[in-house]
Q: 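First the structure, which I've put down as structure tokens, then a few questions once you've had a look.
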Amino acid sequence: MASDATSDITKRDFLYVATGAMGAVGAAAAVWPLIDQLNPDASVLALASIEFDLSTLSEGQSVTIKWRGLPMFVRYRTPEEIAQAKAVPLSDLKDPQTDAERVKEGHEQWLIMIANCTHLGCVPVGESGDFGGWFCPCHGSHYDTAGRIRKGPAPLNLIQPEYEFLSDTIVKIG
Amino acid sequence: MSGQSGYNPTNPVEKWLDERLPILRFSKEHLMDFPTPKNINYWWTFGAILMFMLVIQIITGIVLAMHYTSDASLAFDSVEHIRRNVNYGRIIQGTHAVGASMFFFAVYMHIFRGLYYGSYKAPREIIWILGVLIFVLMMATSFMGYVLPWGQMSFWAATVITEIFAAVPVVGEPILVLLRGGFAVDNATLTRFFSLHYLLPFIILAVVILHIWALHVPGNNNPTGVEVKTSADTVPFHPYITMKDLFAVVVFLIPFAWFVFFAPDILGHPDNYIQANSQITPPHIVPEWYFLPFYAILRAIDFDMLFISSKLGGVIFFGGSIVILFFLPWLDGSKVRSGSYRPLFKPFYWLFVLNFLMLTYLGAQAAEGIFLLLSKVGTAYYFAYFLLVLPIVSRIETPNPLPASISESVLGNKGE
């Protein structure tokens, strides 16, 4: 046999490391299902998109609907509110977005967004606050009539989901 | 420390057992004969009170779990069912809910005693670190327990606290969804919180055993901070300390019983008697009183720091206010343990206590105007105490002379 003591030790070291590595991979593979079961299940994911009929709303009205367990604001904005939102210079904004980026073209009166404050997730109160939009009672964040953060601890504008208009009165969210 | 142990079984059955499982020897050495400094005062009884509270919470909790339903559509009603229909359920549920507050009151006393008498200093660093770990586990357990009745405060506490994790850059959002088991707090969140709320107390019990094990290596600290020198400095744990602890537990039970029997809801919030509703946030959400100081710190950071947003900044300071406790043994360099012999340390310590009480008050107020300003001042002092005051004071202070021994401090010249 050609192998001497030194090469034998190297070979054994390799086997130890290889065995240990395989064991670690096996353990990780066994643990993953136990972690992944915490993620949203199929029944939660199945509710990923909904359709909403806008014809039930009149100008100046807003409703809170539920999407994927989250509350959603759907607001029929008045022309004054739209004009107010458009008049704001981008330099005044913490999270700069124009009013046009907050709505779909041709449907400017409809503002659709997740109703959780981007600070810690409370539901803001509508038509209040210093900017005529929303005010979060938990930690005092003020949003304007386009749902943009203007004052307070929240870092971002109210989040908007993916949505599209199937017709003038039907919107599909998600 | 087994100087005074004297377990010499004469009974053949005891001898037989002792050679196989020396559990009676262990009990005698650690639960009865354990030499304890004879000068420890009533601030030292909170350890036993905490052990008592852990047992109370586990027993009442196991009983409540027999009647509780952890389903989002049934949870709220099942708690009402316990309070109205289950025999003595009103008392058992009240004991468990008030018990959480009493538990936290005792743990704050225990922690502040350790801070004053320098119980975290060598060779007791591990005891202190395990204690902070227990405190963190207690916070997690009580938070999840608070969610179980599925009232409005439960729901919004769960929402706000899980949202804290979303502040972590990059991985925050996936972690949030993983914790909630959905895109919002819902049934999946409730069922996992129930499972973990049942598990964590037993983890706490395991860490408590390590905490006491670590304590039984050097033995108790004492009000002078001077180590035990001879057996004249100590008394056996039983009956001297057991009786004293028992008396303290009885005194502690008086306000506990008053809350349970006369005002079980006074420490809670009326909004939690409205069932959880994901569409409406209560106008004024506040955590339970024992979280208020840390909540005040979370809200005090309402400004961006360089690239760190106010939201992440708040979370860093909130987490940091607990994490910093782990490093305390290495921040305070003074060789003198007890605050009683440290003239410069003492005023800063009491200011820290007052500051902590102020933060508790501020955590319940609206985060605006003078309250917000004071929260910032309070947060600054909280951190300054650990990072500036303790390291500097321990270097420049001239401590008062220490007694030669515990006996001398107790008996003065009469002992000579």
Side-chain angles (χ1 to χ4, degrees), chain A residues 32 34-50 62-74 94-95 114-126 128-130 134-142 149 151-156 159 161-162 173-174, chain B residues 72 152 155-167 173-189 191-192 195-196 277-287 295 298-304 308-315 318 366-369 371-372:
Chain A
W32 177 244
L34 295 172
I35 293 172
D36 193 43
Q37 57 82 22
L38 292 168
N39 272 316
D41 60 34
S43 72
V44 171
L45 295 174
L47 301 172
S49 84
I50 56 164
S62 78
V63 288
T64 311
I65 59 173
K66 213 170 174 181
W67 172 68
R68 301 203 307 192
L70 295 167
M72 299 266 312
F73 287 141
V74 178
K94 195 173 179 181
D95 179 15
I114 295 172
N116 291 118
C117 178
T118 56
H119 181 227
L120 291 173
C122 296
V123 177
V125 179
S128 58
D130 296 355
W134 285 265
F135 171 70
C136 181
C138 290
H139 307 97
S141 292
H142 299 255
I149 180 67
K151 194 175 140 190
L156 300 170
I159 307 291
E162 300 259 323
I173 299 167
Chain B
Q152 273 288 66
F155 182 89
W156 291 100
T159 299
V160 168
I161 300 299
T162 51
E163 186 79 31
I164 284 177
F165 290 89
E173 205 59 38
I175 287 178
L176 177 66
V177 172
L178 183 87
L179 284 174
R180 290 178 175 174
F183 303 101
V185 171
D186 213 329
N187 192 54
T189 323
T191 48
R192 72 190 49 188
S195 174
L196 294 173
N277 180 350
S278 66
Q279 315 272 310
I280 301 162
T281 305
H284 186 52
I285 64 164
V286 278
Y295 193 61
L298 172 75
R299 296 193 305 179
I301 311 301
D302 66 341
F303 48 88
D304 294 350
I308 299 170
S309 71
S310 55
K311 180 174 171 179
L312 180 59
V315 173
F318 174 72
E368 55 194 28
F371 298 128
L372 189 57

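Below, read A as the first sequence line, B as the second, and so on, with proteins coming before strands; counting in each chain starts at 1. No experiment lies behind these values; they were computed from the predicted model shown.
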Q: Taking the side chain as every heavy atom from C-beta outward, state whether B:I280 and A:V123 have any pair of such atoms under 4.5 Å apart.
A: no
Q: Using a 4.5 angstrom heavy-atom cutoff, name the option from B:A166, B:A184, B:A188 with the most pairs to chain A.
A: B:A184
Q: With only heavy atoms counted, which part of A:I35 is less than 4.5 Å from chain B, the side chain, the backbone, both or neither?
A: both
Q: Heavy atoms only: give me the nearest A:P71-B:S278 pair and the separation to one decimal.
A: CG-O, 3.3 Å
Q: Would you check if the side chain of B:K311 reaches a backbone N or O of A:L156 as a donor-acceptor pair within less than 3.5 Å?
A: no
Q: Can you tell which of A:G152, A:G69, A:G121 has the highest number of heavy-atom pairs within less than 4.5 Å of chain B?
A: A:G121
Q: Under a 4.5 Å heavy-atom cut-off, does chain A meet the side chain of B:F155, its backbone, both or neither?
A: neither
Q: Any chance you could measure B:Q279, atom CD, to A:L70, atom CG, to the nearest 0.5 Å?
A: 10.0 Å
Q: Please classify the contact of B:I285 with chain A as side chain, backbone, both or neither, using a heavy-atom distance under 4.5 Å.
A: side chain
Q: Which one of B:T159, B:L372, B:N187, B:D302 has the most heavy-atom pairs closer than 4.5 Å to chain A?
A: B:T159
Q: Do you know the tightest heavy-atom contact between B:R299 and A:C138?
A: NH1-O, 4.3 Å
Q: For chain B, which candidate among A:C117, A:C122, A:P153 shows the most heavy-atom pairs at distances under 4.5 Å?
A: A:C122
Q: State, to 0.1 Å, how close B:R192 and A:Q37 come at their nearest heavy-atom pair, and which atoms those are.
A: NH2-O, 4.3 Å
Q: For a side-chain contact (heavy atoms from CB on, under 4.5 Å) check, start with the C-alpha distance between A:L120 and B:I164, then their side-chain angles and the critical distance, and finish with the verdict.
A: CA-CA 7 Å; A:L120 291 173; B:I164 284 177; 4.0 Å; yes
Q: Given heavy-atom pairs under 4.5 angstrom as the criterion, report whether the side chain, backbone, both or neither of B:L176 touches chain A.
A: neither
Q: With the side chain counted from C-beta on, respond yes when B:D186 and A:V44 share a heavy-atom pair under 4.5 Å apart, and no when they do not.
A: no
